[in-house]
Amino acid sequence: MASNSHRGSSIGGSFYGGAAPYRSREGLSTRTIAGSDEIQLRIDPMNADLDDEITGLRSHVRQLRNVAQDIHSEATFQKDFLDQLQMTLIQAQAGVKNNMRRLNKSIVKHGSNHIVHVVLFALLLFTVLYLWSKMFGR
């Protein structure tokens, strides 16, 4: 005894929350519960061959389980990747902080000499330009 199921049809797919493949005229029908995402199944064993329907439900449950396992493994991979990325970022921040501390110490230790050298260079340059303009100027 084969059942007339509407598997693969898109009639009522969104109304029944994507449960349209489980509907049949003879024995198994779905209806949504008001205000819920759950689906309520009503089985009429007198008019249907339920073996095909149960097999179909089992295969869909198996597919959903496989998808859930794939989602879990992907989420675990993404979490591990983010943890590694966060550790790399923490190490980079520590390195930058360490280098900034060294640079600040170097500036404090040698910074005033650099400024004196720059000022002396500027004075020497202006003096040379002034003398040059006096010697070769009118």
Side-chain angles (χ1 to χ4, degrees):
M1 233 189 308
S3 67
N4 279 337
S5 67
H6 294 282
R7 292 182 187 169
S9 70
S10 62
I11 301 172
S14 62
F15 180 74
Y16 291 103
Y22 307 120
R23 295 185 68 220
S24 71
R25 286 186 193 163
E26 295 151 353
L28 185 65
S29 62
T30 60
R31 61 183 170 148
T32 58
I33 300 172
S36 175
D37 290 336
E38 296 178 4
I39 297 173
Q40 187 177 33
L41 292 174
R42 186 187 67 191
I43 300 173
D44 184 11
M46 300 300 274
N47 296 326
D49 182 16
L50 297 180
D51 290 337
D52 292 337
E53 299 295 335
I54 291 172
T55 303
L57 286 174
R58 282 184 180 162
S59 67
H60 286 294
V61 168
R62 190 176 306 117
Q63 287 175 349
L64 288 174
R65 186 188 69 217
N66 292 338
V67 168
Q69 289 173 345
D70 290 343
I71 289 171
H72 175 72
S73 65
E74 182 66 23
T76 303
F77 173 77
Q78 293 289 332
K79 181 186 174 296
D80 292 342
F81 178 73
L82 286 175
D83 288 344
Q84 290 175 355
L85 186 62
Q86 186 175 16
M87 285 301 294
T88 303
L89 183 62
I90 288 170
Q91 290 172 350
Q93 285 175 338
V96 167
K97 185 177 178 182
N98 208 8
N99 287 335
M100 287 299 292
R101 190 177 328 118
R102 287 181 187 165
L103 185 60
N104 285 336
K105 284 181 182 179
S106 175
I107 288 172
V108 167
K109 185 176 179 181
H110 302 290
S112 61
N113 291 338
H114 292 300
I115 293 174
V116 170
H117 289 130
V118 170
V119 170
L120 288 176
F121 176 75
L123 286 174
L124 178 67
L125 185 66
F126 287 131
T127 305
V128 169
L129 288 176
Y130 176 74
L131 291 175
W132 186 321
S133 69
K134 288 294 182 180
M135 293 170 78
F136 298 108
R138 290 186 180 185

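All heavy atoms count here, side chains included; hydrogens, waters and symmetry mates do not. Given the structure is predicted, the values throughout are model-derived calculations rather than measurements.
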Report the distance from atom [atom1] of [X] to atom [atom2] of [Y], rounding to the nearest 0.5 Å.
X: L131; Y: F126; atom1: CG; atom2: CZ; result: 13.5 Å
X: D80; Y: Q84; atom1: CG; atom2: CD; result: 6.5 Å
X: K97; Y: N99; atom1: NZ; atom2: CG; result: 12.5 Å
X: Q93; Y: Q86; atom1: CD; atom2: CD; result: 9.5 Å
X: E74; Y: I71; atom1: CD; atom2: CD1; result: 9.5 Å

- [ ] State whether a side-chain donor-acceptor pair under 3.5 Å links R101 with N104.
- [x] no

Less than 4.5 Å apart, side chain to side chain, heavy atoms only: is that true for [X] and [Y]?
X: Q69; Y: N66; result: yes
X: L120; Y: L124; result: no
X: L85; Y: L89; result: no
X: F136; Y: W132; result: yes

Open item on the list: I'd like to know if the side chain of S106 and the backbone of R102 have a donor-acceptor N/O pair within less than 3.5 Å.
Closed with: no

Open item on the list: Tell me whether the count of non-hydrogen atoms from other residues, nucleotides or ligands lying under 6.0 Å of CZ in R58 goes above 12.
Closed with: no

Open item on the list: Please check if the number of heavy atoms outside Q78 that lie under 6.0 Å from its CD is greater than 12.
Closed with: yes

